[in-house]
Structures are given as structure tokens and as C-alpha cells.
Amino acid sequence: MGDILETLGDFTSKENWDNFFTICPDSFEWYAEWPNLRDPLISLLQTLTPSSPPSSLQLLVPGCGNSRLSEHLYDAGYTSITNIDFSKLVISDMLRRNIRSRPLMRWRVMDMTSMQFEDEAFAAVVDKGGLDALMEPKLGPDFDLGNQYLLEVKRVLKPGGKFVCLTLAESYVLDILFSKFRLGWKMSVDAIPLNSSSESNHQTFMVVVEKELSTTVHQITSLLRNASLNCNSKQASGLRDALQNENQVREKLSSSSDTLYAVEDLQEELAKISQGRRLQLTLGGQGCSIFSYRAVVLDAEELSDPFTYHCGVFIVPKIRACEWLFFSEEGQWMVVRSSKAARLIMVFLDTSHTNASMDEIQKDLSPLVKQLEPKENSNEAQIPFLMASDGIKKRNIVHQITSPLTGSIIVEDVVYENVDEEISCAFPSGELMFRRLVFERAANLVQSEALLTTKLVGEKKNNSSSKSKKRGSQRRNDGAYNQMTVYHGYLASSYHTGIISGFTLISSYMKNVASSGKMVKAVIIGLGAGLLPMFLHGCIPVLEIEAVELDPVIVDIAREHFSFVEDKRLKVHIADGIQFVRENASSGAAQSHSKSSESPSNGSSTTHAEDVKATKVDIIIIDVDSSDSSSGLACPALDFLDESFLETVKDKLSEQGLFVVNLVSRSQAIKDMVLLRMKKVFSHLFCLQHDEDVNEIHFALKSESCIEDHCFSEATLKLDKLLKFDHPEIGQKIINATKKIKRLK
């Protein structure tokens with residue numbers, strides 16, 4: 001085979017390829033074989049046709065050669081495949097080979113750098129080595145040919161379509177891939193696993209690019225840090241370095257002036273309203289405005305309706321940017337319909353706009369949004385500005401500190417314009433105030449939120465002697481005053497409510513443990529403000545809780561500003577969460593020597609990783625944010641979803657144990673990846689999605705047996721009996737949330 005490849009020479013020569021196919025008429029696979037490609041490729045294509053048969057997917061395979069990839073895809077149900085190659089010889093051979101057994105497959109002689117297809121003709125383009133061959137002529141990489149080919153790929157892909165490039169990831173190939181798909185394309189990179197018996201020294205990588213039709217510069221998501229790479233270290237390290245460098249470039253481009261004013265590239269396209277079009281772009285910068293802005297332009301789905309506005313601007317404050325209604329496409333279209341605007345320009349504010357008034361924002365935005373106005377707006381009416389309120393009437397920063405691990409941390413007290421009905425009924429008097437924990441690295445997300453209540457502080461002077469009383473005196477509490485304190489009997493964060501609702505999956509087991517006089521053991525990775533463990537400690541007396549927090553500054557904040565207190569049923573460990581679980585997973589290990597440090601302020605003790613007692617636990621909750629934005633996950637860090645860690649969690653759990661993960665990601669590909677990984681380890685998975693939150697709560701059961709659907713109502717009643725509240729109406733939110741838990745197939 002080495003001699004045959006040597007005769008090929010220039011990979012861009014049609015004559016050389018005809019000669020190759022004459023010498024090697026049988027199927028020849030460059031790179032990965034079908035058994036290795038099948039699962040990742042089919043899983044990816046299924047995301048493009050979630051509710052339609054695979055045969056409806058229009059699929060292009062450029063530079064098909066005599067590979068059997070198209071045949072395998074056809075046999076898997078993807079029958080609408082068009083194959084092209086500039087070698088008439090190989091197209092004729094492949095047509096003869098498949099005309100009877102695969103009659104719907106199309107074969108065309110065509111140059112992949114100059115395709116004869118209409119724009120947006122395909123939902124997916126699958127390239128197995130085509131770009132690599134095009135970029136490797138005898139005298140060095142031909143970037144002109146590569147550019148022409150990728151321009152054609154961009155042209156023939158439908159919006160939302162995906163380009164799948166199977167490549168050896170040589171540096172010159174990555175250079176052109178990364179640069180051509182920076183603006184308005186989502187990209188991910190993963191490794192195709194090799195057979196253990198494979199003789200190849202080279203790993204095949206799958207680069208997936210999704211057409212988004214926007215001017216946003218996305219970070220490249222990658223699972224390579226956890227992939228089992230069987231290739232040589234030079235190839236693996238080269239790809240990792242290239243990814244790191246490219247994401248640094250993209251991060252700079254996201255905030256650079258020449259990229260921020262990308263609306264110039266869309267002037268002609270935005271001149272007319274296009275029904276149902278959605279474009280993401282950046283506005284401002286480059287000396288034309290005080291601020292820059294992230295914006296989404298949405299043209300109404302139905303243009304026949306009478307519109308109140310031909311073009312309008314909708315401003316979303318930073319505190320509401322992560323809400324489902326504004327961050328999700330479905331929610332944004334709901335805003336468009338309610339606004340009655342033919343074109344709605346949704347503008348998202350961030351931390352750079354914090355100190356600006358709305359008058360300043362509107363004045364700065366006005367000339368920018370004028371460029372996005374449809375030209376058919378002939379009456380030149382003024383563009384109206386609408387706004388989503390952040391819902392806050394008052395805000396006061398209580399504490400601000402910078403942690404070496406977490407960065408800038410803010411504790412603030414706020415009063416909302418509106419609060420949930422159940423809490424206003426429980427506390428009907430006065431204006432309710434909430435204390436919030438916010439990390440600057442994720443300023444749009446509130447890490448923790450607690451209700452503040454008033455308590456009387458100080459001693460009463462009981463002057464019973466009539467001599468000490470003065471006529472008309474109304475003073476009864478000398479030295480006493482009202483102080484705001486955190487109330488731990490209410491959960492302001494709906495995802496915390498969702499986490500607890502999942503306990504219904506093991507409520508029968510918890511009830512049995514409680515009846516036997518024993519304790520249900522729970523581990524919570526990620527303390528935050530300590531609100532979830534404090535709430536659980538108060539409302540479920542049968543729980544024995546260990547919380548784990550990596551950052552000691554967070555622990556101090558929880559104690560000093562959120563009234564977090566330890567006792568014999570609630571302990572906190574300053575430790576790495578993954579290390580804590582792993583070291584605590586060896587059944588039967590003895591208690592380590594105590595190395596607790598006394599807190600001078602409250603006398604409670606904080607244990608470290610060495611103080612862990614190895615034992616099975618009943619509930620493990622992962623509720624930690626990620627500091628690595630390039631992973632595509634806001635919560636948890638990607639390492640908590642590594643298969644080896646999931647296996648450790650399963651081993652750590654008791655037989656009836658429950659595993660809970662708070663998942664925050666806007667990438668459907670990342671969500672699918674998480675589900676695939678959890679399915680490999682756990683047989684029974686459940687999910688809860690709150691409409692108003694980005695958060696998804698995933699639940700996994702260790703036991704091979706599982707709660708049946710018809711038993712949910714009974715299990716919910718058992719959970720309700722385990723919960724103890726000062727205000728029973730508060731617990732109803734948890735019970736209601738159990739109805740939203742869905743079994744994942």
C-alpha cells in the first residue's frame with residue numbers, strides 16, 4: 001500500500017487519482033473505519049432530524065472516492081445522499097456497485113471546489129479526508145483550493161446545518177478550518193476512538209461546524225482533555241496547542257473593535273425583512289459609540305399580522321440575560337410576537353454598561369440600531385425602545401472581595417418589584433429583601449439567593465418597680481434593635497427546589513431509613529452560600545450532610561453573610577470535590593486523623609480532605625460552577641462529568657443511592673454529550689427543566705431496579721411527609737416540581 005500511495009503523488013491531480021483508483025479498485029478507507037465512526041457520526045446526524053426520519057436529511061459527501069462511508073450511512077437510513085468526486089472513473093465504479101442495492105443514492109462527477117448545487121441545498125456535509133487531500137499537494141499546502149472548497153461548503157449548507165470534517169488535524173488544515181469558521185459558526189472537536197488492535201499511529205479527529213448565520217465569535221468546544229487518545233503524543237499535543245491558541249484568538253476577536261462593528265457586513269442582507277430570520281451580531285465600538293453591545297435581530301415569523309412597530313428595540317438588562325425567555329431562541333420568538341414588531345432588535349446589556357443610565361444607553365444605541373432598520377420603513381418613524389425590567393427596586397452591595405480561586409465576589413441585598421406568591425403569603429408584612437451571592441466571572445448568574453427576615457437583637461430591660469417608670473414613657477426595649485438575618489426555611493433559587501424534588505425518586509428508601517432510626521447520608525459538592533445544605537438540614541431531619549467547597553473564601557462568606565452554621569448533622573470540608581469523593585469511596589477505610597481548624601468567630605470546625613471517613617452515601621449532589629468557559633459548560637466543571645469520576649460516584653453510592661447534577665449549558669451538543677456519558681454509567685436517568693431557568697437538573701439512580709411511573713404520586717406523598725416547614729405553603733413548590741421530572745430513555 002505504501003508503494004501505491006507513493007504513485008499517487010500530488011493529491012490534487014485528477015489524473016493521479018484516476019491512476020490510483022485503477023490500481024486500487026476496491027474500497028479504500030482513509031483514516032477511521034465505520035465501526036469507530038458509526039456511533040459519533042449517527043448521534044450527530046440524529047440531532048439534525050430529531051422528529052423526522054433519517055431519509056429526509058439531505059446529505060453531501062464531497063471527494064467520496066471509493067470509500068464505503070456513504071454505503072454505511074445509506075444502510076443506517078440516510079438514503080438522501082449525494083456523492084461527488086472529480087474522478088469520472090471512481091464515480092462510474094461506485095454507481096455500478098450501488099445502483100441496485102442502493103438505488104436512491106446519487107453519484108455526480110464534480111469538483112468539490114466548484115460545486116454545481118443551489119445555495120443551502122444540504123443539511124449536512126460529511127468530509128472524510130477530502131480537505132486533508134486538497135490541502136496536501138506535492139509542493140505544500142494549497143490554501144487557495146482549501147479556501148474555495150470551504151466557501152462552497154458554507155454556501156451549500158442550510159442554516160443550522162453541520163459540516164463534519166474527519167481529519168488528521170495537521171496544523172495547516174486546522175489553520176484554514178479555524179480561520180474560515182470563526183464568525184457566526186459553532187465548532188467542536190473530538191477524537192474518533194481507535195481499535196486497540198489498530199496498527200495506525202495516527203488518530204482521526206471529528207471537527208463539527210454548525211452554520212448559525214450570525215456575527216458571533218464562539219469558543220471551540222472540545223472533549224479532548226478527557227478523550228482516550230491512542231495517537232502519538234506529537235499529534236495530540238499539537239492539536240491541543242492549536243485549540244488553545246485559537247480560543248485565545250477568538251476571545252480577543254470577541255472584544256476587538258473591528259469585530260464588534262461586524263454589522264457592516266450585513267447591511268445589504270438586513271435591508272429587507274426576511275420572514276423568521278434570526279441573526280446574532282455585535283454593535284458599536286471602533287470610536288462610533290461609547291459602548292459595544294451584543295444583539296439579536298429577529299424578523300417576525302408571520303408577516304401577515306398587523307404590526308404595531310415596523311422596527312423596535314428591546315433592551316435586556318444583564319440580570320435577566322440568562323432567563324429562558326431572553327436567552328433561548330424559543331423565548332426570543334415569544335418576545336417578538338408579544339412586541340408586535342415586524343423586526344425586533346434585542347440588545348443585551350452586560351457589566352460594561354453597569355454605571356450608565358438608560359438615557360445614556362438609548363442615546364448611544366440610537367444611531368447603531370438605525371443601521372439595522374429595514375429600508376422599506378419609508379415613513380421614517382422613530383424606532384421605539386422597549387425594556388425588560390431587571391425586577392429590582394433597590395440594590396445595596398454588602399460585601400465585595402477578591403478570591404485567588406474564584407476572583408471577584410459580591411454579596412448584595414436587593415428588593416424586587418415582584419416576588420413569588422407563596423413567599424408573599426408566608427411573609428405578608430413589609431417589603432421583602434433578598435441577599436445574593438454573585439461571581440464577577442459569571443456576572444449574569446446569581447450563584448445563591450436568600451430571603452432576609454427581621455429579628456430583634458439586644459436585651460429587654462424589665463423594670464418592674466413603679467419608681468422607675470415615667471408617665472408617658474413608651475420605651476420597652478432599651479438597647480434592642482431590628483437586624484436583618486438570612487431565613488433558611490425558604491429557597492429563592494428554583495433549581496434548588498428542583499434538586500430536592502428529585503428526592504421523590506428514593507423517598508421510599510428515605511422513609512425506611514428514617515423508620516429504622518438511622519440517617520440518610522448526603523454529600524453536596526459546592527457550598528456556595530450554604531443555602532441548600534442549611535435548607536435540607538432544617539426541613540429533612542433524617543439527613544446527615546457533608547458539604548465540600550474548594551475555596552475557603554466562599555466558606556467564610558457563607559458563615560459571615562448567609563448565617564451558615566455547622567453541627568453534628570452538617571459539616572463542611574475545604575477540599576477538591578473530585579478528590580473528596582474518590583478518597584471517600586474505599587469501603588471500610590478507617591477515619592483519618594482529625595486536622596480541623598477552629599473558627600474563632602463561631603467555634604465551629606472546618607475539616608480538610610484528610611478528615612474524610614470512607615463510607616457509602618445515599619445522595620451525592622454536584623452543584624459547582626465552571627471557571628473554564630471554553631468547555632461550553634457553566635456548571636459543572638467538565639471534570640465532574642468524566643466517565644471515570646461517574647464510575648467513582650456510582651461506587652460511592654449506597655445500593656438505593658441518588659446522584660444529582662445541576663447542569664447549566666446553552667449548547668445542545670454539550671447537553672447530549674453529558675447524557676451519553678451518564679448513560680454509559682447509570683441505567684436509570686431522569687431530568688427536570690425549569691421554564692424560567694437555564695438550569696437542567698439530572699438525576700441518576702444506582703439501583704438496577706427503578707421507580708415505576710405509576711408510583712410517582714405515592715412517592716411524592718412520602719417525600720411530602722419527610723419535609724418539615726415552619727410555613728407549609730413554602731414546601732408546595734417542591735411538591736409541584738416533582739410533576740416536571742421526566743424519565744430519560
Side-chain angles (χ1 to χ4, degrees), residues 419-427 432 434-435 448-453 455 485-547 558-559 562-572 617-621 623 656-658 660 662 688 690 695 697 699 712 714-741:
V419 295
D420 290 340
E421 185 177 347
E422 77 273 6
I423 192 63
S424 60
C425 292
F427 298 90
L432 294 181
F434 295 83
R435 179 158 292 175
S448 300
E449 185 170 20
L451 174 67
L452 296 178
T453 56
K455 73 174 182 179
T485 185
V486 170
Y487 176 64
H488 291 114
Y490 170 72
L491 288 175
S493 299
S494 58
Y495 84 89
H496 279 162
T497 302
I499 287 174
I500 300 171
S501 71
F503 290 7
T504 194
L505 298 170
I506 60 166
S507 58
S508 295
Y509 170 71
M510 292 176 68
K511 184 175 181 294
N512 292 337
V513 173
S515 300
S516 68
K518 297 179 181 179
M519 302 295 288
V520 175
K521 298 183 183 297
V523 170
I524 302 175
I525 309 297
L527 179 68
L531 302 178
L532 178 60
M534 287 296 289
F535 182 86
L536 290 171
H537 177 271
C539 76
I540 307 182
V542 72
L543 272 185
E544 186 177 277
I545 305 166
E546 290 183 285
R559 287 173 176 158
F562 291 88
S563 305
F564 177 76
V565 180
E566 299 165 75
D567 64 13
K568 64 180 181 180
R569 286 202 301 116
L570 174 57
K571 301 292 183 184
V572 63
V617 295
D618 303 303
I619 302 170
I620 295 179
I621 300 171
D623 184 21
Q656 302 299 318
L658 173 69
V660 186
N662 175 32
L688 186 150
H690 282 284
N695 306 65
I697 314 300
F699 307 98
F712 261 69
E714 182 183 350
T716 300
L717 289 174
K718 290 179 181 179
L719 176 62
D720 194 16
K721 290 180 180 179
L722 287 170
L723 299 171
K724 310 297 179 185
F725 298 102
D726 296 333
H727 301 275
E729 60 270 29
I730 293 176
Q732 191 58 44
K733 198 171 183 179
I734 296 173
I735 301 305
N736 292 341
T738 63
K739 300 172 185 177
K740 297 182 179 181
I741 298 175

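The figures here come from the full heavy-atom set of this structure, side chains too, leaving out hydrogens, waters and symmetry mates. What you see is a predicted model; the values in this text were computed from it and never measured. Position 1 is the first residue of the sequence; numbering continues from there.
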Is it the case that the side chain of [X] and the backbone of [Y] share a donor-acceptor pair, with hydrogens and angles ignored and the cut-off at 3.5 Å?
{"X": "Thr504", "Y": "Ser501", "result": "no"}
{"X": "His488", "Y": "Phe564", "result": "no"}
{"X": "Lys518", "Y": "Ser515", "result": "no"}
{"X": "Gln656", "Y": "Ile506", "result": "no"}
{"X": "Ser493", "Y": "Ser448", "result": "no"}
{"X": "Asp618", "Y": "Lys521", "result": "yes"}

From CA spacing to verdict: side chain to side chain contact (heavy atoms under 4.5 Å, CB included), Leu452, Thr485
CA-CA 5 Å; Leu452 296 178; Thr485 185; 6.0 Å; no
How about [X] and [Y]: do any of their side-chain heavy atoms sit closer than 4.5 Å?
{"X": "Pro533", "Y": "Leu527", "result": "yes"}
{"X": "Val523", "Y": "Ile619", "result": "no"}
{"X": "Asp623", "Y": "His496", "result": "yes"}
{"X": "Ile540", "Y": "Met510", "result": "yes"}

Hey, could you give me the [atom1]/[atom2] distance between [X] and [Y], rounded to the nearest 0.5 Å?
{"X": "Ile621", "Y": "Ile697", "atom1": "CD1", "atom2": "CD1", "answer": "9.5 Å"}
{"X": "Phe712", "Y": "Ile741", "atom1": "CZ", "atom2": "CD1", "answer": "6.0 Å"}
{"X": "Ile499", "Y": "Leu536", "atom1": "CD1", "atom2": "CG", "answer": "8.5 Å"}
{"X": "Leu688", "Y": "Thr738", "atom1": "CG", "atom2": "OG1", "answer": "9.0 Å"}
{"X": "Glu449", "Y": "Phe562", "atom1": "CD", "atom2": "CZ", "answer": "9.0 Å"}
{"X": "Ile524", "Y": "Asn662", "atom1": "CD1", "atom2": "CG", "answer": "12.0 Å"}

Testing Met519, Lys571, His537, Lys568 one by one against Glu544 for a side chain to side chain contact (heavy atoms under 4.5 Å, CB included), which residue passes?
Met519
Only one of Ile734, Leu722, Leu543, Leu723 passes side chain to side chain contact (heavy atoms under 4.5 Å, CB included) with Phe503; say which it is.
Leu543
I need the minimum non-hydrogen distance between [X] and [Y], along with the two atoms involved.
{"X": "Gly502", "Y": "Leu658", "value": "O-CD2, 3.6 Å"}
{"X": "Ala737", "Y": "Thr497", "value": "CB-CG2, 4.3 Å"}
{"X": "Met534", "Y": "Ser563", "value": "CE-O, 3.7 Å"}
{"X": "Phe535", "Y": "Phe725", "value": "CZ-CE2, 3.2 Å"}

Take a 6.0 Å sphere around NZ of Lys511 and say whether it holds more than 12 heavy atoms from other residues, nucleotides or ligands.
no
Residues in side chain to side chain donor-acceptor pair (under 3.5 Å) with Asn512, at least two apart?
none
List for me each residue that meets side chain to side chain donor-acceptor pair (under 3.5 Å) alongside Gln732, sequence neighbours excluded, and say none if there are none.
Asn736
